[in-house]
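One structure is given below, encoded as structure tokens.
The sequence lines fix the lettering, A, B, ..., with proteins before strands; numbering per chain opens at 1. All heavy atoms count here, side chains included; hydrogens, waters and symmetry mates do not.
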Amino acid sequence: MEIAKVIVDVPAKSTDRTFDYLIPAEMRRWIEVGSRVGVPFGHRTVQGFVTSLHERQEPGRFKLKPIQELLDLVPPLPPDLVELAGWMRERYACGEIMALQAMIPTALKGKAERYISVSDTESQAAQDGLLLADTGMEDDSEREIVLFVQSRTQVPLGQLSRRFPEQAEMIKSLLRRGVLQESQYIKDKLQKKTLKAVDLAVSVEEAEAALAAFPAKAQRQREVLAWLLELSPMLPVAMKEVLSGLQVSAATVKSLEDKGLVTIDDVEVFRDPYRGRDFKPTAPLPLTHEQQHVYERVVGQLDERTHGVFLLHGVTGSGKTEIYLQTIQRCIEQDRQAIVLVPEISLTPQMVERFKGRFGDQVAVMHSRLSAGERYDEWRKIREGRVKVAIGARSGVFAPFKSIGLIIIDEEHETSYKQEETPKYHARDVAVKRADQHGAVVILGSATPSLESYHAARSQSNDEFAPLLLEMHHRALGNKLPEVHIVDMRNELRGNNRSMFSRDLHQGIAARLEKGEQIVLLLNRRGYSTFVMCRSCGYVSTCPNCDISLTYHQRSNNMRCHYCGYSEGVPETCPECGSEHIRYFGTGTQRVEEELAKLFPGIRVIRMDVDTTTEKGSHEKLLKQFRDKKADVLLGTQMVAKGLDFPDVTLVGVITADSALNLPDFRAAEKTFQLLTQVAGRAGRHQLPGEVFVQSYTPDHYSVIHASRHDYLSFVREELKHRRVLHYPPYCRLILVTFTHEQLPLLVRLAENYTANLEGKARQRGWFGSLDKFTGDVMDVLGPVASPMPKIKNRYRFQCMIKWRGNIDVIGLAREVADDMADAVQNQKLLISLDVDPQMLM
DNA sequence: AGCACGCCGACT
DNA sequence: GTCGGCGTGCTC
């Protein structure tokens, strides 16, 4: 194999194809499909991925460039992932390189670094005994530069220009004249984690002697040395510990090093985020009848070793996790590996503990809280076959296992499985595709399956997947689902209760406090203000670049834009009218916390929201405190609704059930139903019976009512009716096309242009029409209109929505029209982005 | 995305 | 007369 086709790391439309390279003879044994390479590309070196190998050069092409370097001995991508990237390119209308990059840890995203060395002819001359001066070097500083470079063989360009900041011109001239030469190598972002470690450089006896003879005035150094001697059997010790243990500065230790008494070394630390933690081993639990039935169906499919998808609809507490664990066990016994995807937010220590407890160190865990290096290490465990199970959020679907037997997607309905940045993939769909490649089984688990999945299971008509529906209606421990009361908040207002707690919820909390039982309070975050508003004139601080309201950040005590990061101070008086009645409202949860403290003096509250969980491990700490009953109330946003299991929680309160219902999103009802069902499931999971209060301003809404009755089926029936009438998924598919440009009038024209072109081409193919009037294969375009976020980072935004159904390549067409336009329109400042199957319509 | 090539304004 | 502005075109 002499030729490699390579996808280069240049994210542009015109480079979204393979480029051919010669494989140098010495690399032939090592280059494989999936290899990461450095290749010359134009006038620079870029990273790329080998996607196929070929015997010889295609005729008609003149001289190919050779691959410059091979970046890893083992290709970071197995061939099935390379193939999957090609599939993603079509499915999500993204650049293939974007798909490939999404599959590997960011630590492996290399960039070319420029190095300077003395040119070959020049070194040859030096070897031949000629002086550098003979080659026309007249200036002393020129000579200094060349000698500097020569003395260290190769110097990164950045380092050289830092060393000779005034001589940039001279360096350029030396390069031009060929005295110095430049080469580029790909350098990984990864830095190995090291720790400064201090050790004695001499024997204990010598050190003691040195200590005795120490100059009296170097008191601090004496202390350090004495301390090190005391610790001598346990050396080396981390520099950090020396500094904090003795309250000395690094300079003190450094002086000891200069004296030759101690050494300070960089020691590589192996990162294990769960190091030092004991996981209680757990044995498989006996299964209930329902569980047994589900287990047998899945295992039957596993044993066939063929592809199959199951939608596991089980009420909260029905024991889905135990099914996951036992089917994974079977999968491992077949010598295949398993991937478990969970939403980021519920990738809690509780969850990890259960898997680590059952499978021990055969488990790799990947989540966003890990540092880049930690993630890379976990990823390597998978790639090198040292683990059998990978648990992770969305991107875990790319775990580079050799032979996958099972992919589990827990809380299948969660929107976090859809990546909002390019590549805008949905982990559920990717999982199904990947399982198909491997002949593997997929389990989609949820108490509230997405309408897409449920409908696909019921109608068996989806092209991409038609899961088999498995249901569990009962809780594994036999206890009942909690009783849910809907509280009509309009009555509270009429009853002159202006508090955010209804009288019922108030009483409920008081009762639990008395009995020493625990409470979970959920605040549906949206709808609560975190912005500054003037009460006199209604002024709201907005971002000058993006036209959206600025959010108040407590930590930095300033106002910040979510989209572009712009920040400014908190205004004291209103910039518009000068009024002093300008107020910010703390985050929603803060307000609730304050009110709780007022109503129930002495109440112990743990607040969990973005403000209190940014620090690493804080999430875990807070939950542990609550579990240890250090608090009466766990108060939080969405993150308290998912997957938590506390035996003493008997009351769940939802402060505002319906704040999401007013959002302009066709999934608003579905999301409300899911959230209410999930949070209700936190109550009464063990011996004590649970009770739930749902406060609502729209208590008659079907999502609230069906959630209160734990009636998924009725909700789905009603919701599907709406979707069918309004032509929304699952009765059609959507593509959201967003256009951005600095100039509004031009943007509008171009967006209209796009929809017209798209419509024209669709007509030619006989696809165009209203979804109302036509059955079967059809597509329609809505818009263009201004985006809900009409301006971000000084760029205006317009969008149009494509609705379509059937077996027609609308994705390909939408992309084609976008590409044609970008070609035709001279103005490159127009950006068109496609979101296939969007989750957020904002 | 870079980076070089190429064709028009303000300076030694 | 040149230095350098950034429009546009290419990268195996």
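Legend: residues meeting side chain to side chain donor-acceptor pair (under 3.5 Å) with A/Arg17, ordered by chain and number and at least two apart, are absent. Looking at residues two or more places apart in sequence or on another chain, you find a side chain to side chain donor-acceptor pair (under 3.5 Å) between A/Asp80 and A/Arg434, A/His438. Residues forming a side chain to side chain donor-acceptor pair (under 3.5 Å) with A/Asp20 (at least two apart in sequence, or on another chain): A/Lys5. Applying the ring pair (Phe, Tyr, Trp, His ring centres under 6.0 Å) test to A/Phe768 and every residue at least two apart in sequence or in another chain returns nothing. Residues passing the side-chain contact (heavy atoms from CB on, under 4.5 Å) test with A/Gln101, sequence neighbours excluded: A/Asp9, A/Gln47, A/Phe49, A/Ile97, A/Ile104, A/Lys109. The side-chain contact (heavy atoms from CB on, under 4.5 Å) check on A/Pro400 picks up A/Pro78, A/Leu81, A/Trp379, A/Ile382, A/Arg383, with sequence neighbours excluded. Residues meeting the ring pair (Phe, Tyr, Trp, His ring centres under 6.0 Å) test with A/Phe798, sequence neighbours left out: none.
Per the geometry, CG belonging to A/Asp9 stands 18 Å off P belonging to C/dT11, to the nearest Å. A straight line from CG of A/Leu64 to P of C/dT11 spans 13 Å, rounded to a whole angstrom. When rounded to the nearest whole Å, the span between CD of A/Gln184 and C1' of C/dT11 equals 13 Å. C/dC12 atom P lies 13 Å from atom CD of A/Gln57, rounded to whole Å.
Across all non-hydrogen atoms, the minimal contact from A/Ile792 to A/Met789 is CD1-CB, 3.8 Å.
Of all the residues in residues 31-51 of chain A, A/His43, A/Arg44 reach under 4.0 Å from DNA chain B with at least one non-hydrogen atom. Residues of residues 16-29 of chain A having a heavy atom closer than 4.0 Å to DNA chain C, listed by number: A/Arg17, A/Phe19, A/Asp20, A/Tyr21.
Listed by first and then second residue, the ring pair (Phe, Tyr, Trp, His ring centres under 6.0 Å) pairs involving residues 4-34 of chain A are A/Phe19-A/Phe41 (not counting sequence neighbours). Pairs engaging residues 414-434 of chain A under the ring pair (Phe, Tyr, Trp, His ring centres under 6.0 Å) rule: A/Phe398-A/Tyr425 [sequence neighbours left out].
The footprint of chain A on DNA chain B, defined by a heavy-atom cutoff below 4.0 Å, extends from B/dA1 to B/dA4.
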